[in-house]
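Inspection log for the structure reproduced underneath, given as structure tokens.
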Amino acid sequence: MSIERTLIVIKPDAVRRGLVGEIISRFEKKGFKIRALKMLWMTREQAEEFYSVHRGKDFYEELVKFASSGPIVALIIEGDSAINVARQMIGVTDGRKAQPGTIRGDYSLSILENVIHASDSEESYMKEVKVIFTDTDIVPSY
Ligand code: CMP
């Protein structure tokens, strides 16, 4: 057993489409504990920082524009093997290729507007979480 935390971002397309409750519900039902939860509208600068590993790629500009195009809902969830399990639950990046039953597989037909982000490693989590949350946003274990 390895209790981990990971960062989940429900992206602007999913917020616009009214999918927030449905998506959060999947993580709760799976057994994860929500340790932090926030709705925010990322600035361009926050989006650039959040996706800085993709700087220089041909889709970077449209990605930054999309990520800052409307409000998002971000969560820190905690549970056994959270990083890997959450990645399995969201499915592969391209919504057209993601397996039915995964969140992207059920709700996205796009590689850019793919509904949700989850950190892909402990290192990514540590970097990404700082763009959105401070330590005081995280509730104690319950
Ligand atoms: P995410 O898991 O948030 O990580 C990086 C994001 O970039 C990804 O989801 C997509 O939203 C976007 N992305 C990745 N590859 C492409 C691509 N080839 N074209 C457009 N957007 C992409």
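Side-chain atoms of V9 and I132, non-hydrogen and from C-beta on, do get closer than 4.5 Å to each other. A 4.5 Å side-chain heavy-atom check between H117 and I8 finds every atom pair outside the cut-off. Side-chain contact between I116 and Y107: absent, with no pair of heavy atoms (C-beta onward) separated by less than 4.5 Å. Counting heavy atoms from C-beta outward, R96 and S108 have side chains that stay 4.5 Å or more apart. The shortest side-chain heavy-atom distance between V115 and I23 falls under the 4.5 Å cut-off. Taking the side chain as every heavy atom from C-beta outward, R26 and K30 never approach each other to under 4.5 Å.
Scored by the side chain to side chain contact (heavy atoms under 4.5 Å, CB included) test, S124 finds S119, D120, S121, E128 as partners (sequence neighbours excluded). Annotation: side chain to side chain contact (heavy atoms under 4.5 Å, CB included) contacts of S2 (sequence neighbours excluded): E4, D80. Scored by the side chain to side chain contact (heavy atoms under 4.5 Å, CB included) test, Q46 finds L40, M42, T43, V131 as partners (sequence neighbours excluded). Residues satisfying the side chain to side chain contact (heavy atoms under 4.5 Å, CB included) criterion with M39, sequence neighbours excluded, are V15, P71, V73.
Under the 4.5 Å side-chain heavy-atom criterion for Ile, Leu, Val, Met, Phe, Trp and Tyr, I72 and L112 are members of the same hydrophobic cluster. A chain of hydrophobic side-chain contacts below 4.5 Å, direct or via other Ile, Leu, Val, Met, Phe, Trp or Tyr residues, connects M126 to F133. Note on L63: it does not cluster hydrophobically with L109, by side-chain heavy-atom contacts below 4.5 Å among ILVMFWY residues.
Looking only at distances, no side-chain donor or acceptor of N114 sits under 3.5 Å from a matching main-chain atom of G95. Listed for the K127 side chain is a donor-acceptor partner under 3.5 Å among the backbone atoms of E49. S68 places a side-chain N or O within donor-acceptor distance of the main-chain N or O of V64, the cut-off being under 3.5 Å.
Using a 30° and 60° split on the angle between ring planes, F32 and F27 fall in the tilted class, from 30° to 60°.
The 12-atom threshold is not exceeded at NZ of K29, counting heavy atoms of other residues, nucleotides or ligands nearer than 6.0 Å. In Q99, the CD atom is not crowded: 12 or fewer heavy atoms of neighbouring residues, nucleotides or ligands sit closer than 6.0 Å.
Smallest separation of non-hydrogen atoms from R5 and R35: NH2-NH2, 3.2 Å. When all heavy atoms of I34 and Y142 are compared, the pair lying nearest together is O-OH, 2.7 Å.
With values rounded to the nearest 0.5 angstrom, I10 atom CD1 is found 8.0 Å from L37 atom CG.
Screening E113, K11, R16 for a side-chain hydrogen bond (donor to acceptor under 3.5 Å, both in side chains) with S69, the sole residue that qualifies is R16.
In this model, a donor atom of one side chain and an acceptor atom of the other lie less than 3.5 Å apart for T134 and T136.
Applying the ring-ring contact (aromatic ring centres under 6.0 Å, His included) test to residues at least two apart or on different chains, the pairs with a partner in residues 55-100 are H54-F59.
Salt-bridge annotation for K130 and D135: absent, with no side-chain N of the basic residue lying under 4.0 Å from a carboxylate O of the acidic one. Between E78 and K33, no side-chain nitrogen of the basic residue sits less than 4.0 Å from a carboxylate oxygen of the acidic one, so the salt-bridge criterion is not met.
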Kindly list each side-chain donor-acceptor pair under 3.5 angstrom involving residues 86-93, sequence neighbours excluded, with atom names and distances?
from: R87; atom 1: NH1; to: A118; atom 2: O; distance (Å): 2.9

Derivation of the side chain to side chain contact (heavy atoms under 4.5 Å, CB included) call for L7 and L75:
CA-CA 6 Å; L7 178 74; L75 302 89; over 6 Å; no

Are E48 and R55 close enough, and set up right, to give a side chain to side chain contact (heavy atoms under 4.5 Å, CB included), and what steps lead you there?
CA-CA 8 Å; E48 284 178 355; R55 202 169 274 149; 4.1 Å; yes

